[in-house]
Participant: 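Sharing a structure, written as structure tokens. Questions coming.
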Amino acid sequence: AERGRDGELRLLYWQAPSTMMPYLSGGTKELEASSVVIEPLARYDNDGKMHPWLAEEIPTVANGGVSEDLKSITWKIKPGIKWSDGSELTSADAVFTYEYCSHPDTGCTSSNYFNDIVSVDALDPHTIQINFTVAKPFPYAPFVGYNAPIMQKAQFDGCIGAKAQECTEQNFYPIGTGPFKVVDFKPNDVIVFEANELYREEGQPAFSKLLFKGGGDATSAARSVLETSEMHYAWNLQVEPEILTKMAEAGKGTIIAGFGTSVERLMGNFTNPDPDLGDDRAEYLGGNNNRNPHPFLSDYAVRRALSLAIDRQILVDAGYGSAGKVGCNVLPAPAIYASNANDECKTQNVDEANRILDEAGWVRGSDGVREKNGVRLSILYQTSTNSVRQGTQAFIKEMWKAIGVETELRNLSASVFFGGDPGSPDTYQKFYADIEMYTNNFSGTDPETYMANWTCKQVSRRANTWGGGNMPRWCNPDYDALSAEMSTTADLDDRIRLAKAMNDMLMQDYAMIPLVHRGGVSAFSNVIEGPRGNEWDSELWNIAEWHLR
Amino acid sequence: MQLANEKTPGMSDANSSKPLLRLKNVKQHFPITAGLLRRQAGMIKAVDGVDFDLMPQENLGLVGESGCGKTTLGRTILHLYRPTEGQILFKDVNLTQLKPSALRALRPKMQMIFQDPQDSLNPRMTVGSIIAEPLDEHSTLKGKDRSNRVEELLDAVGLNPRYTNRYPHEFSGGQRQRIGIARALGLNPEFIICDEPIAALDVSIQAQVVNLLEDLQEKLGLTYLFISHDLGMIRHISKRVAVMYLGKIVELGPAHELYSRSRHPYTKALLSAVPLHNPGREAKRERIILTGDVPSPANPPSGCPFRTRCPIAETRCANSMPQPKKLSLGHWVACHLVD
Amino acid sequence: MIQYIIRRLLAAIPTLLVISFVIFAILDLAPSDPTGNLPMTVPSEVREKIRTSLGLDQPMHIRYYKWLVQFVVNEPLNILQHSFGVTVGDAENRTRILSWATRSPVIDLIVERTPQTLWVVGLSFLFGILIAIPIGIVQAYRQYSLFDQIGTFVAMLGFSVPTFFTGVVAIIVFSVQLKWFPMIYDTTLEITSWNNFVLQVKQMIMPVTVLAFYQASQLSRFMRAAILDNLNLDYVRTARSKGRSESAVLMIHVLRNSLIPIVTLIALGIPTIFGGAIITEQIFRVNGLGQLLIIAIEGADIPTVQTLTFLFAILIVLFNLIADVLYGMLDPRIRYD
Amino acid sequence: MNTQTTSIDPAVIDTEHRSMWTDVWRQFRKHKGALVGVFVFAFIVIAVFVGPPIHGVDPNAIDFRARNLGPEWAHPLGTDNIGHDTLAQMLAGGQVSLAVGLSAALIALILGTLIGVLAGFVKSLDGPLMRLTDVFLSLPLLPLLLVSIMLFRDTLRAAFGPETGIFLLIVGLIGVTSWMHTARIVRGDVLSIKEREFVTAAYSIGTRRYRIVFRHILPNILSPIMVSATLGIANAIITESALSFLGLGFPPDFPTWGRLLYDGTNFIQITPSRVIWPGVFIALTVLSVNYIGDGLRDALDPRLRGR
Amino acid sequence: MLSNPDSDVVLSVTDVVTQFDTADGRVHAVNGVSFDVREGELLGVVGESGCGKTVTMMSLVKLLPMPPGKIVGGSALFDGQDLIQADSDALKKIRGGKIGFIFQDPMTSLNPVLTVGYQLTEALRLHKNSSKSAARKRAVELLELVGIPMAKDRLDDYPHQFSGGMRQRVMIAIALSCDPKLLIADEPTTALDVTIQAQILDLIQILRKELGMAIIWVTHDLGVVANLADRVMVMYSGFIVERADVEKLYSTPKHPYTHALLRTLPQMEGERAQRLESIEGQPPDQLLQPESCPFSPRCVYSFERCTRENPFLEFVSEGHEVACWWDLENDRPREVS
Ligand SMILES: Nc1ncnc2c1ncn2[C@@H]1O[C@H](COP(=O)(O)OP(=O)(O)OP(=O)(O)O)[C@@H](O)[C@H]1O
Ligand SMILES: Nc1ncnc2c1ncn2[C@@H]1O[C@H](COP(=O)(O)OP(=O)(O)OP(=O)(O)O)[C@@H](O)[C@H]1O
Ligand SMILES: [Mg+2]
Ligand SMILES: [Mg+2]
């Protein structure tokens with residue numbers, strides 16, 4: 001088949017990309033857009049399996065690509081790969097990419113992918129060696145996945161450090177090795193790509209032109225694929241399932257969901273968010289012994305009852321449909337890591353929840369709200385603004401009402417809630433509330449750093465300007481020990497065992513309450529074939545293979 | 001007129017009792033601003049040096065063409081505008097130097113009847129509250145006393161006291177003017193400036209209002225400054241008349257003398273312009289038709305202000321400002337060509 | 001007149017300085033953060049680095065000063081250089097106002113987006129005027145007639161039903177059901193042929209109509225009132241007494257006078273065109289200045305928000321002046337000197 | 001010449017004492033549109049405040065099995081995607097929307113009138129206040145809202161509780177950001193009214209300045225104020241909905257018409273009644289307020305009374 | 001009925017009745033007015049405010065606001081055509097062409113936003129089909145005729161640049177522009193002050209002699225009428241109550257109203273009256289259908305018949321008609337002829 005035979009492919013990303021330079025944005029939309037142009041050495045498929053991309057094969061200890069001490073990894077680039085300007089891809093480009101991103105003034109958003117690196121060396125034009133300061137049981141962060149692709153040295157040479165910001169032309173029109181090249185870039189609006197004539201695969205891509213439109217909202221994005229067929233593909237359609245189902249009735253498109261590690265969860269605050277505490281508000285005081293406990297969430301019984309009272313299936317049905325599964329684990333994927341020790345949560349058990357609370361001495365007051373020693377079970381429950389989340393909030397409020405818990409709902413603009421501005425009281429990191437809800441996940445397939453989020457060191461607090469990943473301020477030395485062990489364990493089975501143990505520890509102490517294992521929803525028109533949905537890497541990872549039906 | 005050392009024109013020589021009101025070289029200039037920095041670029045000399053005295057219970061008529069500064073003079077006397085220059089003595093109190101609160105306390109003594117009976121009454125207030133407004137401000141009358149006083153005032157100006165709840169638009173022009181008069185009378189003033197109280201009225205109603213004013217003067221011993229451009233009416237109501245032109249008084253004298261033996265060419269022209277109600281006499285009369293319009297008060301002609309329209313002007317008129325001359329008892333005129 | 005204009009312009013400078021500072025202070029105080037929209041997988045150390053690279057570690061007054069210099073000196077010099085080839089000073093090291101989200105010069109973003117906003121919002125403003133004027137005239141001329149009553153009713157409806165609703169209804173009816181118009185506005189479309197022109201018209205119809213309806217309902221109220229104010233004045237009777245026909249009386253005599261307040265109102269409305277129409281742009285994906293602003297606000301892209309709102313403020317001040325001058329030109333009775 | 005108004009001999013009628021408000025009401029009754037407006041508005045208010053106990057459904061009650069229903073006996077206006085009863089939400093939302101609309105418009109009105117009157121009446125304040133108006137006109141609304149919510153929400157929540165607190169904040173914010181047009185119009189009118197002769201007359205009898213404002217100036221600028229009030233209510237109801245969907249408004253379990261309309265828009269093809277009713281009620285409120293405003297304006301003008 | 005068979009009658013008005021429908025009821029503004037105007041004659045119309053002078057004149061050429069106004073009946077023969085029945089096209093030809101108008105208020109009767117030149121040439125171009133330049137030339141002549149200096153330079157000025165007196169002269173020039181056969185002047189000098197009024201009266205006298213047209217001069221100033229008119233007609237409450245040659249009217253008024261009116265005036269000559277006479281009471285309520293003599297409630301001579309029957313206009317002596325049941329000269333009820 002001939003390259004470009006299928007004409008124009010029209011994609012709709014209602015959140016529009018603002019730049020084509022993934023290292024300067026880090027937003028998913030920018031990563032997705034740039035993934036059709038610049039590529040990494042290896043990529044994940046929709047099952048989270050790693051495939052060599054620009055590299056010939058995945059280096060492992062077994063094939064000698066990873067050193068025994070786990071301190072270095074050596075990649076071999078496929079020969080003959082050309083940049084779209086005709087020059088050849090060499091290991092110097094990879095070295096440059098590392099220098100670019102690790103330069104302190106660049107403001108590289110993926111710099112954590114290049115952590116603990118001593119050096120990146122070009123052993124020969126096609127061999128790259130990465131040397132780490134510490135043993136890396138999972139050495140596949142640099143140059144793997146859409147977060148860390150290889151950029152062209154020749155183009156970006158003058159753009160390192162502070163200069164990176166000013167290289168508008170380069171940032172908007174990066175030269176890549178991927179199936180498409182940028183023709184026209186309008187930030188936050190539209191990108192026009194055309195097929196890369198020098199793409200390495202014969203007859204790919206099938207489309208000669210790629211229109212990458214942005215703007216609008218999720219509902220109308222779905223409509224444009226499912227109802228009017230103006231677009232071939234629409235991304236990130238987090239809307240109520242019945243709307244999508246209704247639209248899909250027109251029979252013009254298909255809805256797909258890719259599942260990754262995203263879990264919508266409730267975080268309980270283990271510290272006291274009472275505003276009267278001043279600087280100590282929601283502040284974790286004291287090492288292993290929490291000296292500022294939450295008035296009621298520090299009670300295990302309450303946490304457990306709150307979890308038991310929730311009917312997660314309703315949340316899935318009303319808010320997610322096929323894009324969600326009842327979630328009982330914070331680490332639901334990859335499948336090998338998924339625990340089934342916590343399946344109790346799959347069914348709602350209001351009676352049990354009530355019993356637990358009664359037993360713990362929380363008695364219902366005249367207004368039906370439980371109380372103990374003058375402490376009312378009255379929860380301030382915050383999340384970001386989003387109609388599905390508000391629906392979930394409404395359900396949970398009602399469910400908690402059944403066990404005598406009163407809930408005040410609050411929704412905050414996403415840019416504030418996730419903004420992390422140390423001056424704002426409304427960030428999820430500061431957590432000036434009792435319960436908060438959001439989704440978290442990790443990229444790639446290795447849970448080590450993700451699970452390290454709930455160690456004591458990571459507690460989000462004033463001292464680290466609320467920079468830690470441990471929002472619940474939950475601290476357990478046993479957990480810290482497991483986490484430390486995992487960071488030095490290379491054997492996969494041991495790693496699985498440790499990860500599961502950590503997950504179970506979190507779940508069984510109700511350090512957080514998982515609700516829904518979420519998938520990324522997208523829709524594609526029935527006239528095309530190829531989209532497979534991918535939560536581990538770019539949704540467009542296989543765009544070279546997409547074609548008209 | 002800068003005749004402070006001489007006897008002020010208008011001081012009636014016969015009556016030596018103290019004047020109620022005394023104007024000394026009163027000027028009212030409105031600034032015109034222009035330019036980038038809003039510098040003052042000129043002056044509208046609306047009133048430009050006026051002196052006269054007004055005796056208690058007198059009725060001085062002030063006549064002149066539209067725009068010559070009559071209203072401005074009236075308002076300046078009452079300090080609705082701060083005078084630019086000069087002194088205004090009311091019962092020997094220099095108003096110009098009074099503090100706002102002291103001035104406010106004095107206001108009941110001096111009142112004004114406004115030119116436009118339509119516009120000088122707040123359309124959204126009832127007649128009762130319009131008339132009661134000065135009472136509220138200056139007296140302690142409350143409730144029944146207050147409404148009695150309002151009814152009394154309405155009665156005094158010949159309006160039915162039952163009208164207190166009506167609005168100005170429900171009255172005819174003459175009635176509206178009476179409301180204005182009642183308001184002015186509310187606090188027993190001694191001095192009233194009547195600013196063209198009849199100009200806006202119908203002939204048949206003019207007579208009613210003028211009669212009323214005359215009756216009130218008689219009953220209450222009021223002093224009037226009667227502004228008008230209706231020379232016929234001034235002749236009827238005033239014993240003394242001042243003729244104003246472009247911010248200055250050009251002739252002042254007893255009415256009978258002024259009407260029969262006017263000396264200033266402007267006064268003559270003015271008088272001849274009034275149509276007589278007698279077709280026979282009218283046909284025979286010789287009229288002086290003035291040409292042109294009144295010059296702009298921002299840019300008055302040099303010398304005598306009237307010289308541009310004066311049928312008998314000479315060169316000296318352009319050079320110097322004529323000083324007021326006394327012709328006979330209480331008759332003053334400012335013209336070079338009169339001796 | 002010229003003096004008046006210059007004086008007003010000079011007086012505008014301190015006002016604008018205050019406005020720019022107030023805007024900057026508000027944006028700085030606002031709790032959103034440029035790293036807020038990054039996925040949670042980006043750790044906080046990385047976020048801190050990004051903030052530093054954007055210059056957020058400097059104190060506010062320095063950032064404000066920098067922005068001000070860039071806006072007042074650097075950007076005009078840059079325009080000078082690019083449009084007229086005149087280079088003043090060190091062009092190489094001149095920093096421009098860079099957007100935090102795109103890392104590209106804000107002014108370029110604005111220039112890129114102005115055409116679509118002008119087309120859609122501007123045209124709807126124009127149509128709004130063109131519809132409102134005749135409707136307002138007829139409503140006033142036939143005051144209390146059925147036409148007048150219906151007009152009033154529809155106008156009220158027009159400004160009480162928000163565009164986010166009318167827009168979606170329009171899409172469902174005309175794009176989904178009838179398939180007459182596309183629901184996605186293609187900003188890359190260039191009018192090179194008749195076909196493209198038709199496409200352009202088609203894609204503009206819905207957003208323009210939705211907005212124009214809203215504009216017209218407001219303007220027609222003003223137009224009606226303005227005509228009513230003039231219809232019973234004496235000069236209208238004079239015109240009739242000369243033997244003028246009713247239409248000539250209305251169109252030549254009444255309209256001229258009634259348009260004075262309307263034209264100034266329109267002049268005051270023009271800045272809002274440049275403000276874009278946030279909701280309508282979003283619904284139809286016109287992606288003009290309104291969308292740029294809302295995205296920048298949501299992404300805490302302070303340089304973009306600051307520059308956009310400040311340009312907007314300049315336009316407001318400027319068009320206030322233009323409105324006054326127009327008033328003076330249309331109404332010979334008013335003189336500024 | 002002043003044309004004689006149709007002069008009914010004053011002696012013939014009215015010996016009784018007329019109160020101003022009976023007059024106003026008498027004239028108001030003659031305005032058909034205003035009367036219909038009053039009935040519609042009263043109906044809405046009564047429905048919204050008396051309706052909930054009659055309907056007897058908690059607007060936040062969830063019936064998971066009854067999601068996305070069309071109108072039926074148990075749910076006259078159907079249900080939403082969560083299982084809320086739309087009618088109950090409409091009624092509860094109406095209370096909030098009406099309260100927000102009326103009070104925010106009132107704040108804007110008071111601010112606008114105050115600033116307009118001061119600017120028009122006190123010459124030295126004119127320049128500064130008009131510049132202030134310019135500043136407010138060019139302020140970016142959204143960031144401003146974010147800032148104020150950050151600064152004031154917790155204080156207000158502590159002082160008045162979560163719902164009243166956010167209500168005050170929202171009402172205050174909408175009010176504070178929408179007074180500018182009123183101020184300009186009022187200023188213009190004050191400038192011309194203060195040159196009218198009855199104001200000079202008031203000075204001449206020694207009326208104090210503040211009384212001149214209250215007695216002579218304010219009553220005569222009522223009609224533009226009335227018009228801005230009408231538009232203000234519509235504006236406030238719509239702005240509130242915009243705030244809600246930006247996450248700056250009321251808590252999510254606090255329905256308002258604007259929010260119902262916004263949330264319902266996505267479901268327009270599934271449950272159209274979710275959008276139609278809020279839309280209809282917003283429009284009806286605005287329309288009725290507008291007609292009431294017209295009627296009041298006429299009724300308050302004594303020159304039109306008695307016609 | 002006075003119907004002059006003279007062939008030089010320009011306008012012959014018979015029994016014009018005009019009413020207004022208002023919310024309060026029907027206003028009987030004009031209740032059957034008949035009169036003739038002859039070539040070259042100046043007919044004065046006097047009466048107090050609101051007596052229907054303006055409405056009568058406006059009825060003749062249908063310049064009333066209709067509705068609420070309604071011409072119930074009557075005819076006005078002009079140039080062989082009944083103006084009351086004429087359709088709007090025919091009227092348009094006559095208005096401004098054969099009949100010229102001057103209105104009450106010079107300040108508001110000119111359109112403030114159009115130049116004096118335009119307003120002056122409007123009628124010329126409409127009725128005489130003059131070219132633009134010819135019309136302008138004629139306009140200059142007209143302005144000179146009414147005594148505006150440097151007329152040529154002033155054509156492009158706006159009305160506000162003229163003083164009140166000059167504006168009224170412009171109005172006169174407009175009215176004269178097409179050499180009308182009839183000029184209707186509705187209180188053209190009431191708003192002006194004496195000196196300007198004198199100028200205009202002078203001007204009218206001259207023009208009348210030069211152009212020889214018929215003039216109807218409406219006023220409530222008896223002095224002005226004495227100055228100008230050949231014949232005078234006194235109106236009261238929508239009726240003509242007296243009509244006579246000017247000298248006769250002033251020397252021997254035969255209607256009590258005229259009589260009283262003349263006595264209310266202060267005299268410019270002779271002894272100063274102690275007190276002005278005034279007519280007590282209010283004009284009648286025009287909402288009521290007039291059944292009796294409308295002046296009877298205020299009339300000192302009123303007797304039983306007056307409250308029962310409305311008198312009609314009767315010929316009492318050479319050139320003198322009156323509508324009254326009382327014979328003022330002989331101080332007894334009039335004998336009915
Ligand atoms: N507030 C003001 N500011 C500037 N100029 C003024 C002001 N008031 C009056 N003038 C000017 O002062 C002059 C005199 O005006 P004034 O009103 O006193 O005239 P007048 O004699 O009362 O005229 P009329 O007979 O028309 O009432 C006029 O040229 C007028 O334009
Ligand atoms: N548009 C109208 N609607 C209702 N009544 C009207 C209207 N126009 C005039 N009238 C009434 O018709 C009567 C005659 O009015 P007209 O204007 O003819 O009086 P006039 O004699 O010209 O008085 P003036 O001397 O004040 O000009 C008055 O009672 C007036 O109230
Ligand atoms: Mg005056
Ligand atoms: Mg008239």
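So that the names make sense, note that chain A is the first sequence line, chain B the second, and so on, each numbered from 1.
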Participant: Put together the list of donor-acceptor pairs under 3.5 Å connecting chain C with chain A, please.
Facilitator:
unit_1	atom_1	unit_2	atom_2	d
C:S44	OG	A:G467	O	2.6
C:A101	O	A:S18	OG	3.2
C:R103	O	A:T168	OG1	3.4
C:R103	NH1	A:Q165	OE1	2.9
C:R103	NH2	A:L24	O	2.5
C:R113	NH2	A:P187	O	2.7
C:R113	NH2	A:N188	O	3.2
C:M183	N	A:E230	OE1	3.1
C:M183	N	A:E230	OE2	2.7
C:I184	N	A:E230	OE1	3.1
C:Y185	O	A:K213	NZ	2.7
C:T187	O	A:K186	NZ	3.3
C:T187	OG1	A:D189	OD1	3.4
C:T187	OG1	A:D189	OD2	2.7
C:R285	O	A:K213	NZ	3.2
C:R285	NE	A:G215	O	2.6
C:R285	NH1	A:S220	OG	3.3
C:R285	NH2	A:D217	O	3.4
C:R285	NH2	A:S220	OG	2.8
C:N287	ND2	A:D189	OD1	2.5
C:N287	ND2	A:G214	O	2.9
C:Q291	NE2	A:N188	O	3.1
C:E298	O	A:S415	OG	3.4

Participant: Given the options C:G299, C:A300, C:G288, C:P182, which has more heavy-atom pairs under 4.5 Å with chain A than any of the others?
Facilitator: C:P182

Participant: Tell me every residue that passes side chain to side chain contact (heavy atoms under 4.5 Å, CB included) with C:V111, counting only those two or more places apart in sequence or in another chain.
Facilitator: C:I107

Participant: To check you understand the geometry: which heavy-atom pair defines the closest contact between C:L109 and A:P187, and what is its length?
Facilitator: CD2-CG, 3.1 Å

Participant: Would you mind telling me which of A:P425, A:G214, A:A162, A:G215 has the largest number of heavy-atom pairs within less than 4.5 Å of chain C?
Facilitator: A:G215

Participant: Please state whether the side chain, the backbone, both or neither of A:P104 comes within less than 4.5 Å of a heavy atom of chain C.
Facilitator: backbone

Participant: Using the ring pair (Phe, Tyr, Trp, His ring centres under 6.0 Å) criterion, which residues pair with C:F21? Sequence neighbours excluded.
Facilitator: C:Y64

Participant: Is C:L54 close to chain A through its backbone or its side chain, or both, or neither, when contacts mean heavy atoms under 4.5 Å?
Facilitator: side chain

Participant: Quick one: list whatever passes side-chain hydrogen bond (donor to acceptor under 3.5 Å, both in side chains) with C:S193, sequence neighbours left out.
Facilitator: none

Participant: Sort A:M21 into side chain, backbone, both or neither according to what part of it lies under 4.5 angstrom from a heavy atom of chain C.
Facilitator: neither

Participant: Under 4.5 Å from any heavy atom of chain A, what part of C:A101 do you find: side chain, backbone, both or neither?
Facilitator: both

Participant: With a 4.5 angstrom heavy-atom cut-off, which part of C:I184 approaches chain A: side chain, backbone, both or neither?
Facilitator: both

Participant: Please look at A:L12 and chain C and tell me whether the side chain, the backbone, both or neither of the residue comes under 4.5 angstrom of a heavy atom of that chain.
Facilitator: side chain

Participant: Could you look at A:C167 and say if it's the side chain, the backbone, both or neither that has a heavy atom under 4.5 Å from chain C?
Facilitator: neither

